[in-house]
Amino acid sequence: MRIVVAPDRAAAAQHAADIVERFVNSAVATALGIATGETMEGPLAEIAGRCQRGALSLAHTEVYLLDEYVGLEPDDPCSFASTVNRLLVQPTDLSPGAMHGPNPHNPDLYAECADYERRVRAARIGLQLLGIGTNGHIAFNEPGSSLASSTRVVQLNEQTRSDNARAFPDGTCPPRAAITQGIATILLARKLLLVACGQPKARPVARALEEPVTRSVPASALQLHPDVTVVVDPPAAALLADEPSQPCRPA
């Protein structure tokens with residue numbers, strides 16, 4: 001596992017985008033797994049900016065969403081599909097048909113989960129972007145999730161809903177359920193890239209990276225993967241006991 005402490009949030013976004021750019025331009029590039037959330041806005045904006053400047057092309061890239069809310073209207077701007085469409089599809093040369101995600105409007109959600117699990121496995125994700133929740137979740141795998149879990153419908157922790165409320169209009173509560181790739185599904189990706197910024201992420205980052213693997217901290221499962229890069233800013237790295245394994249100089 002490589003841990004990079006960037007000088008600040010902007011540098012963390014640039015470093016994460018560098019890793020995505022190298023992957024997209026590599027001879028072995030396959031599908032790209034996309035996470036959403038406040039921390040991901042910086043890296044996605046940096047990737048979009050490079051595409052707009054002609055420094056990067058996503059024309060031959062397929063992207064797969066980690067998760068999606070259940071219960072939102074199809075055109076709700078707070079859905080993760082809408083978010084990725086706004087941040088990555090519209091401002092780049094990524095084809096709208098190249099964005100894949102679970103359909104939370106399928107009357108049979110369990111069949112939908114099984115189908116999306118098959119699609120993700122068949123895509124052979126080459127690089128999966130990840131964030132981490134303040135309770136240690138990855139995707140929507142809340143504390144207590146099985147390390148062998150696959151794509152499924154989950155009930156969201158109240159802490160997760162509270163943390164995510166900032167992305168919703170005032171007075172609107174986030175949904176109580178979501179479809180998420182499972183921990184075992186995520187670990188199938190060839191490379192994992194976790195980005196975490198801000199003081200609220202310091203404790204979950206330290207627990208996930210330096211304490212034993214446990215279901216109570218789902219992100220600790222990253223320790224089981226052979227190729228993980230973690231990019232954090234100083235506040236998120238504040239409780240790490242070990243020195244970063246790779247320095248990051250200011251841009």
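In this text, all values refer to a predicted model and were calculated from it rather than measured experimentally.
- Side-chain contact between Leu239 and Val205 is absent, with no heavy atoms from C-beta onward closer than 4.5 Å.
- The shortest side-chain heavy-atom distance between Pro212 and Thr214 does not fall under the 4.5 Å cut-off.
- For the 3.5 Å distance criterion, the side chains of Tyr69 and Asn164 qualify, holding a donor opposite an acceptor.
- A donor-acceptor contact shorter than 3.5 Å links the side chain of Ser82 to the backbone of Asp76.
- The shortest distance between side-chain heavy atoms of Val154 and Glu142 does not fall below 4.5 Å.
- Side chains of Leu72 and Pro175 form a contact here, defined as non-hydrogen atoms less than 4.5 Å apart.
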| request: Please test Asn141 against Arg152 for side chain to side chain contact (heavy atoms under 4.5 Å, CB included), starting from the C-alpha separation and ending with a verdict. | output: CA-CA 10 Å; Asn141 294 285; Arg152 66 203 187 283; 2.8 Å; yes
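- Side chain of Arg176 to main chain of Gln155: no donor-acceptor pair is present (N/O by atom type, distance under 3.5 Å, no hydrogens or angles).
- Under the side chain to side chain contact (heavy atoms under 4.5 Å, CB included) test applied with Leu94, the options Leu32, Val84, Val89, Ile47 reduce to a single match, Val89.
- At least one donor-acceptor pair under 3.5 Å links the side chain of Asp8 to the backbone N or O of Ala11.
- Of the possible donor and acceptor atoms, none in the side chain of Thr134 sits under 3.5 Å from a partner among the backbone N and O of Pro200.
- Annotation: side chain of Thr229 is not in contact with side chain of Lys191 (no heavy-atom distance under 4.5 Å).
- Panel note: side chain Ser26, backbone Phe23; a donor-acceptor pair is recorded below 3.5 Å.
- The 12-atom threshold is not exceeded at CZ of Arg124, counting heavy atoms of other residues, nucleotides or ligands nearer than 6.0 Å.
- With rounding to the nearest 0.5 angstrom, the CE atom of Met40 is 12.0 Å from the CG atom of Leu88.
- No side-chain donor-acceptor contact under 3.5 Å links Thr92 to the backbone of Cys51.
- For the pair His225 (side chain) and Ile186 (backbone), a donor-acceptor distance under 3.5 Å is absent.
- For the pair Ala123 and Thr30, the tightest heavy-atom approach, listed with the atom from each and the gap, is O-CB, 4.4 Å.
- Under a 4.0 Å N-O distance rule, the pair Asp18/Arg22 does not qualify as a salt bridge.
- Pairs passing the ring-ring contact (aromatic ring centres under 6.0 Å, His included) check and including a residue from residues 84-113, sequence neighbours excluded, read Tyr64-His100.
- Counting only distance, with no hydrogens or angles, the side chain of Thr180 and the backbone of Asp67 share no donor-acceptor pair below 3.5 Å.
- Val232 places none of its side-chain heavy atoms less than 4.5 Å from the side chain of Lys201.
- Within the 4.5 Å cutoff, side-chain heavy atoms of Ser216 are placed close to those of Arg207.
- One N or O on the side chain of Arg161 and one on the backbone of Pro174 form a donor-acceptor pair closer than 3.5 Å.
- At distances below 3.5 Å, not a single donor-acceptor pair connects side-chain atoms of Glu68 with backbone N or O atoms of Pro102.
- The existence of a salt bridge linking Arg203 and Glu211 is confirmed by a sub-4.0 Å separation between a basic side-chain nitrogen and an acidic carboxylate oxygen.
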